[in-house]
Student: 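Sharing a structure here in structure tokens format.
Hydrogens, waters and symmetry mates are skipped; everything else that's a heavy atom, side chains included, is used.
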Amino acid sequence: MGVTRRSRHSAEEHLARPTADGGWEVWTLNNGTPPRFLRRAASLAEKEDKSLRLIGLPTSDLIGFSRWMQTSDDALLPDLVQAFLDRHGLTPKSTEGKSVAITPLFREETRTLVFIRILSASVPQNVLLPQIENYEPSAEMLDLPANGLVLWKENGRLAAVFSRDGKAAHVQSFADVTLTPEVARELLCTRLELETEGVLKQFDGIELRGEFPPEDCDTLGGILGAPVTVAQIGDPAPPVTPSGLLPPLAAQLRKKVARKQQLKRILFGAAAVYVFALVTLILNVAWLALSNEALAKKIAVDRPTAEAIQATSRRWRALEPAVNPAFYPVEILYQSAKLLPVDGVRFTLFELNANRITIRGEANNAAAAFKLVEDIKAQPDLSFFKWEMPRPNILPNDKAEFQIQGTSPDA
């Protein structure tokens with residue numbers, strides 16, 4: 001999906017992030033220079049700031065959490081995350097835009113910690129402006145501590161983010177803007193869960209950003225058992241690598257704007273196109289009239305040779321399964337089976353039907369199934385076929401049932 005072009009009238013670009021009372025702060029957004037505060041706004045409108053390019057989405061408009069994926073290969077992470085979302089009923093219903101973004105946080109030998117963001121289906125329409133190029137979670141625009149918890153107020157709610165190695169690892173929003181003991185206990189439960197799952201490796205302390213009464217420090221520090229500091233929320237820091245998140249309604253708006261712009265261009269150049277097409281048509285008719293007779297004569301001369309070649313080609317295609325070793329079932333099964341790892345993956349069905357091969361099996365996890373199909377695609381003796389594998393079916397015991405299909409070019 002393309003992005004709105006930058007304003008021709010101003011090289012300066014702006015970003016907006018939510019304030020505690022539900023309004024917005026507008027800052028400059030120029031590469032290479034620190035952001036500069038411009039103004040506060042009760043709402044955002046297309047005509048008020050045509051230089052607005054980035055919006056920090058409130059934490060209440062998304063879900064952000066981290067999970068370990070059983071692979072160290074970045075190429076397999078999107079499929080594994082999608083299988084996880086499907087299994088837990090978290091897959092967004094709309095296919096417009098991009099409602100899910102993932103970022104690897106930490107990698108071990110056989111697994112990767114992935115931060116997953118899922119946009120809410122009800123992102124407010126008042127932030128969906130045609131000139132916006134990026135929608136980023138507001139929590140990821142903060143200067144986060146190495147390992148700890150940051151709380152601040154935005155959009156009339158209390159927001160929280162747990163960080164690991166200076167990056168967001170878990171975000172959370174509360175219905176109230178007051179830091180009550182119940183909220184502190186919920187944060188304690190979240191911290192213990194993240195530590196148990198290995199998402200947090202250590203916890204250095206808590207930072208309250210913005211205006212909080214002194215008793216909030218005592219309440220939070222006493223329940224979580226960690227030091228609490230109070231500081232300003234700080235200047236926004238746009239992510240170095242954009243998440244690519246795009247609300248479905250924003251994607252529809254971009255298409256609508258693109259269609260309007262395209263219609264204007266078509267109407268503006270309609271007269272020139274009409275004249276050019278008319279002249280081209282006249283010349284083309286004249287050329288066809290002159291070349292038609294010569295072409296007909298050439299076809300008549302070449303027809304016997306072409307028919308003989310087609311007949312020979314049909315006979316060879318009919319004999320190919322019997323004379324081409326690439327179609328021998330035993331050879332195909334051997335070349336596929338020798339790619340199986342020592343354990344963890346097994347075949348349950350091998351079937352050759354005309355020019356199509358079907359292999360079914362079971363793997364200890366989805367990553368092993370994806371690894372097997374990539375090895376088959378890379379096997380030179382099996383390169384005659386086009387290999388595909390739909391997303392594996394994850395069983396209750398976390399094993400994966402898979403089906404690999406190979407198709408010859410003539411299928």
Side-chain angles (χ1 to χ4, degrees), residues 1-18 23-33 35-36 38-58 61-62 92-101 117 119-137 236 238-239 241-292 295:
M1 175 68 66
V3 296
T4 306
R5 291 184 178 180
R6 297 181 179 180
S7 172
R8 297 180 179 178
H9 304 289
S10 174
E12 187 176 71
E13 297 180 343
H14 300 162
L15 69 85
R17 71 174 179 183
W24 298 89
E25 289 181 352
V26 180
W27 296 69
T28 59
L29 175 65
N30 292 327
N31 294 331
T33 60
R36 175 170 49 85
L38 295 176
R39 60 186 174 87
R40 293 182 181 271
S43 62
L44 300 177
E46 176 183 356
K47 296 181 179 179
E48 290 181 1
D49 191 350
K50 294 184 178 180
S51 298
L52 199 59
R53 296 290 177 265
L54 185 151
I55 284 184
L57 291 173
D61 290 338
L62 55 87
K93 296 181 180 179
S94 176
T95 58
E96 296 278 355
K98 182 182 179 182
S99 297
V100 177
R117 288 89 90 203
L119 283 183
S120 168
S122 57
V123 175
Q125 293 190 10
N126 59 357
V127 302
L128 308 179
L129 306 179
Q131 70 266 36
I132 302 303
E133 297 178 356
N134 295 311
Y135 294 85
E136 301 295 338
T241 303
S243 66
L245 288 170
L246 181 63
L249 291 178
Q252 297 173 11
L253 178 61
R254 287 186 180 182
K255 289 183 178 180
K256 184 178 179 180
V257 172
R259 285 194 295 266
K260 288 183 178 180
Q261 293 176 345
Q262 184 180 18
L263 180 60
K264 290 180 180 179
R265 291 193 296 267
I266 291 175
L267 293 177
F268 182 78
V273 171
Y274 175 78
V275 173
F276 177 78
L278 182 60
V279 173
T280 302
L281 178 62
I282 294 174
L283 294 176
N284 188 53
V285 170
W287 179 82
L288 289 176
L290 294 175
S291 62
N292 182 57
L295 183 60

Student: Within the side chain of Arg254, is there an N or O that forms a donor-acceptor pair under 3.5 Å with the backbone of Glu133?
Tutor: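 Flag set: sc Arg254 to bb Glu133 pair under 3.5 Å.
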
Student: From Phe276 CZ over to Leu281 CG, what is the distance, rounded to the nearest 0.5 angstrom?
Tutor: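 Result: 11.5 Å between the selected atoms.
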
Student: Do the side chains of Val123 and Leu128 get nearer than 4.5 Å, heavy atoms only?
Tutor: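 With C-beta onward as the side chain, the pair touches.
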
Student: Could you give the distance from NE2 (His14) to NZ (Lys50), rounded to the nearest 0.5 Å?
Tutor: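 Separation between the atoms: 13.5 Å.
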
Student: When rounded to the nearest 0.5 angstrom, what is the spacing between CH2 in Trp287 and OG1 in Thr280?
Tutor: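 Between Trp287 CH2 and Thr280 OG1, I get 13.5 Å after rounding to 0.5 Å.
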
Student: Compare every heavy atom of Lys98 with every heavy atom of Gly244, then report the nearest pair and how far apart it is.
Tutor: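 Gly244 and Lys98 have their closest heavy atoms at O-CD, 3.3 Å.
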
Student: Can you see which heavy atom on Trp24 is nearest to which on Ser43, and at what distance?
Tutor: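 Answer, listing the atom of Trp24 first, then Ser43: CD1-CA, 4.0 Å.
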
Student: Check step by step if side-chain contact (heavy atoms from CB on, under 4.5 Å) holds for Asp61 and Val127.
Tutor: CA-CA 11 Å; Asp61 290 338; Val127 302; 5.8 Å; no

Student: Taking the side chain as every heavy atom from C-beta outward, state whether Arg53 and Gln131 have any pair of such atoms under 4.5 Å apart.
Tutor: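 Sidechains of Gln131 and Arg53: in contact.
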
Student: Indicate the atoms forming the closest heavy-atom contact of Pro35 with Pro236, along with that distance.
Tutor: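 It is CG-O, 3.2 Å.
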
Student: Could you check whether any side-chain heavy atom of Pro92 comes within less than 4.5 Å of a side-chain heavy atom of Leu119, counting everything from C-beta outward?
Tutor: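 Not touching, per the 4.5 Å side-chain cut-off.
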
Student: Measure the CG-CG distance between Leu295 and Leu290 for me, rounded to the nearest 0.5 Å.
Tutor: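 Answer rounded to 0.5 Å: 13.0 Å.
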
Student: Look up atom CG in Leu57 and atom CZ in Arg17, then write down how far apart they are to the nearest 0.5 Å.
Tutor: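 Output value for this atom pair is 14.0 Å.
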
Student: Considering only heavy atoms from C-beta outward, does the side chain of Leu52 approach that of Leu44 to under 4.5 Å?
Tutor: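 When only atoms from C-beta onward are counted, Leu44 and Leu52 do touch, with a gap below 4.5 Å.
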
Student: Quick one: does Glu136's side chain have a donor or acceptor within less than 3.5 Å of a partner on Ser243's backbone?
Tutor: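 Flag set: sc Glu136 to bb Ser243 pair under 3.5 Å.
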
Student: First locate atom CG of Leu245, then atom CD1 of Ile55, and finally report the distance between them rounded to the nearest 0.5 Å.
Tutor: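 Result: 13.0 Å between the selected atoms.
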
